[in-house]
Amino acid sequence: MAMANPREPRRITRTIPAAQLIGLLLAFVLTAGAGGVIAAGLVIPLASGVNTAVDTGVEVFDEVPAELVPGPLSEQSQIYASDGKTKLATFYAQNRIVVPLDKVSAHMRNAVIAIEDERFYEHGGVDPEGISRAALQNFGGGATQGASTLTQQYVKNVLIEEADRSGDTFGILEAREDSLTRKLREAKLAIALEKEMSKDEILQGYLNIAQFGRSVYGVETAAQHYFNKSSSKLSVVEAATIAGITKAPGQFDPLENPEKAEVRRNLVIGKMWQLGYITTEERDQALATKLSDSLHVQPLDVGCESAKGAAFFCDYVIKEVMSSPEFGKTRDERSSLLYRGGLKIITTLDIKKQRAAEATINDAVPANDPSQLEGAITSVEPGTGKILAMAQNIPYDAGAEPAARHTSLNYSADNAHGGSRGFQAGSNFKPYILAEWLRSGRQLYDPISASAYSTLSSSFQVKPCKQSLANTPWNVGNVEGSTTGMTDVLTGTFQSLNTVYARMSHELNLCDVASTAWDAGFRPTTSSDPAPRLIDVPKETDIDVFAPMVLGTQSTTPVYQAASYATFASGGIYCAPVAILEVRERDGAKMKVPGSDCKQTLEPAVANTVAFAMTKVFGSTGTAWKLGGGLSDGRPAAGKTGTTDNAFQSWFTGYTPNLSTSVWIGEANGNFKHFDFYVKGQFYEALYGGEIAAPTWKTYMDQAVVGLPVKTFPAPDPNLVGQKAAPPKSDKNDDEEGDSNGGGSGDEGGSEGGNSGDTGGGGDGGNAGNGNGNGNGNGNGGNNGND
């Protein structure tokens, strides 16, 4: 709201002696009654000889601007799922839904006029008869009466709204002060307003701006809150109840003071009858209705808490709005738009998939399970980047002191979108190595040794992105050290052999590995180079380049992993994850929203061949063999397990051609090793990605793909597959087990040493991750933590 020709400085209060108040009031009444004020519009003519005290009042009157320009009202914004019908949450500075007058029932219009300004359609903004009646009543010692018209009350509310929107605390106080200055200002502006707006426009403005209870603004919000219906359908009883609140919203709120509210309601009903708006029968029937019998209260849900299981996705959307220039140049502008702009935000959330994700993750690792495990599921649509589901097992609580086993951290998202530092990827990083292997002209059936591997970090190729690596030993072994001898890259992939991937990375340039990982969509949330730090807006140069990177030492998030694996699912097209489909302003106009910026970042032959390799993970010797071949309906699927050293975190990220989903199971702070533990009463030797994360993925995906067309992956490029070699003889020289200690990946520190450096090391630098055991350093040891 804005007033033309605002006064500077703003007048807060003007003290006028009692004698002057009486003199001014009488002069005002007399001249108004003679037609002076209304006829002249904005000037109180003074007759010769009028007490000079009145001059002071006229001076105050003349200082008031000659017009008021009502601006748009603060209106609630609402967030919806992708269907545009399922409301997730509401946000507001003032809880208001603006409606036109023809959408308000006649009973409601009549009730407000009857109790607030029965001569509304007869006066010109100021009612001389009302002023005279109130003056006689008040000076005679009777009950105090006001004389403000609906137009004056509308003016008052507009001034309050304008001051509130601009953050003008003193302006709000001035608009509410009980002074003659304020009343004169309202009177002058009301007269001016009546020259610019019709009576119905003023009534519509009043019904939308007035407060009808605590945190309830406007008649439509009040109707929905108290009676669960539109204001167009309000009955006599309901209309009278709401109309009675505005005089003192706290005092006459039917929920807080039902007895006073009912007395006030009956007074309104009586006035409606006196003025002929209702019949005697309608009056008697209305008076006989108990207030409690007429109410059908709906809670005033506000904020992401009302989105329940989708609260973390809702929070993601809000943070996207608050950080995107499409919604304003500054954070304050974006906040004002969200909380006052009356936006309708339609998100990418598929409500059926979301409910399946919520149920699945809560069943897999209940929040109150003695294991204290935490978990998250996120789905992204390949080719669009749309986030279709986002759920976690620990409930949402954004309070300063969250309840036990509640959190505001969104495990699916990064720090900027949910406060999380992410989690080390473990072997979920290996497909990026494979993509670079194929990009460099190598093949899936290239022979390679799976036996324990030891080299110097300094022997890896890292130019031109890095000068050199530290001259420290790096020892790598496989889980339980069980796989030895010669194998091939394809087998090393579906069996997730660390030694194979360490040797592969030694043949590659790690700078190219980082570049390909970036092209595929890997986005880090922490970095150790040059010092431990969080990353809010990832860049390719944020990917740490050192030997253990190939085993997933850097942290990322489920939403990032789902989006990056979607690149393999879509033939090499990477789309940044997006949460917002459409935003409409209060007038229905569409706003520009953040886009997914889909690009062909990997060669289709490379992406399709990686997908082919990842379909083998579900085979009888793959790390996800427990899934029995993949999804229950037999449709093609691909995926990859991931486990960090000492089993701090575990992953399974997998996809079909039309849905990519990442599941993370672990411990958010990275403080606990998961060996020999129980979940829901079932014993597990270790938290491998194939144990809980993979079955959780399958359970969810079996539900999520229902109704989706069955699609096959494009055939792999034969030139990148190659020919499978004859079974090799055992290599006795390499037939030794890997070191059972240490590791190069995992929130426990692994190859990086850090707070859990007892497991060994060999990394270069440090990785700022989650809690203890997620810092990197230099050391020695093997890696057997990634599957």
Side-chain angles (χ1 to χ4, degrees), residues 365 370-375 411 421-430 452-453 474-483 496-499 501-502 526 528 532 547-556 623 641-652 663-679 683-694 737-763 766-787:
V365 280
S371 68
Q372 297 289 286
L373 281 175
E374 291 145 342
Y411 303 142
R421 302 174 67 92
F423 315 100
Q424 287 187 324
S427 291
N428 238 217
F429 191 86
K430 287 177 180 173
Y453 180 68
W474 187 45
N475 304 320
V476 182
N478 296 313
V479 174
E480 300 177 0
S482 58
T483 303
S496 197
L497 302 178
N498 296 334
T499 52
Y501 270 78
T526 63
S528 63
M549 68 180 287
V550 303
L551 301 179
T553 57
Q554 203 161 12
S555 294
T556 187
T623 54
T641 53
T643 306
T644 63
D645 201 21
N646 281 324
F648 278 85
Q649 318 292 354
S650 68
W651 297 78
F652 190 87
V663 175
W664 164 80
I665 305 290
E667 196 272 317
N669 292 321
N671 292 330
F672 299 101
K673 302 176 183 179
H674 297 103
F675 293 109
D676 298 333
F677 66 102
Y678 291 84
V679 177
F683 176 77
Y684 295 91
E685 289 185 358
L687 185 65
Y688 297 131
E691 293 289 349
I692 302 176
E737 293 186 352
D739 191 340
S740 61
N741 295 320
S745 101
D747 283 27
E748 72 294 331
S751 64
E752 305 78 49
N755 293 329
S756 292
D758 59 302
T759 57
N767 183 0
N770 286 284
N772 295 331
N774 202 10
N776 296 341
N778 293 317
N780 297 304
N783 184 301
N784 68 349
N786 299 346
D787 63 355

- Task: For side chain to side chain contact (heavy atoms under 4.5 Å, CB included), just list the numbers for Asn646 and His674, CA-CA rounded to whole Å, side-chain angles, deciding distance to a tenth of an Å, and then say yes or no.
- Result: CA-CA 7 Å; Asn646 281 324; His674 297 103; over 6 Å; no

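In this structure, Asn669 CG and Glu374 CD are separated by 7.0 Å, a value rounded to the nearest 0.5 Å. A distance of 9.0 Å separates CD in Glu667 from CD in Gln372, rounded to the nearest 0.5 Å. The CD1 atom of Ile692 sits 7.0 Å away from the OG atom of Ser371 when rounded to the nearest 0.5 Å.
Proximity of Leu687 to Thr643: side-chain heavy atoms (C-beta onward) are nowhere separated by under 4.5 Å. Using a 4.5 Å cut-off on side-chain heavy atoms (C-beta onward), Tyr684 and Val679 make contact. Residues Leu373 and Phe677 are in side-chain contact: their nearest non-hydrogen atoms beyond the backbone lie under 4.5 Å apart. You'll find the side chain of Phe683 reaches within 4.5 Å of the side chain of Asp676, heavy atoms only.
Using bins of under 30°, 30° to 60° and over 60° for the plane-to-plane angle, the ring pair Tyr411/Phe423 lands in the perpendicular bin. Using cut-offs of 30° and 60° on the angle between ring planes, the pair Tyr453 and Trp474 is perpendicular.
Heavy atoms only, all atoms of each residue included: Ala502 and Val476 are closest at CB-CG2, 4.1 Å. Between Tyr501 and Val550, the shortest heavy-atom distance links the atoms O-CG2, 4.2 Å.
Counting only distance, with no hydrogens or angles, the side chain of Asn498 and the backbone of Asn478 share no donor-acceptor pair below 3.5 Å. Although no hydrogens or angles enter the test, the distance criterion places no donor-acceptor pair under 3.5 Å between the side chain of Gln649 and the main chain of Ala425.
For Thr556, there are no side chain to side chain donor-acceptor pair (under 3.5 Å) partners two or more places apart in sequence or in a different chain. Looking at residues two or more places apart in sequence or on another chain, you find no ring pair (Phe, Tyr, Trp, His ring centres under 6.0 Å) involving Phe672.
With 3.5 Å as the limit, one finds no donor-acceptor pair spanning the side chains of Thr623 and Ser496.
Within 6.0 Å of the CZ atom in Phe675, the count of heavy atoms belonging to other residues, nucleotides or ligands exceeds 12.
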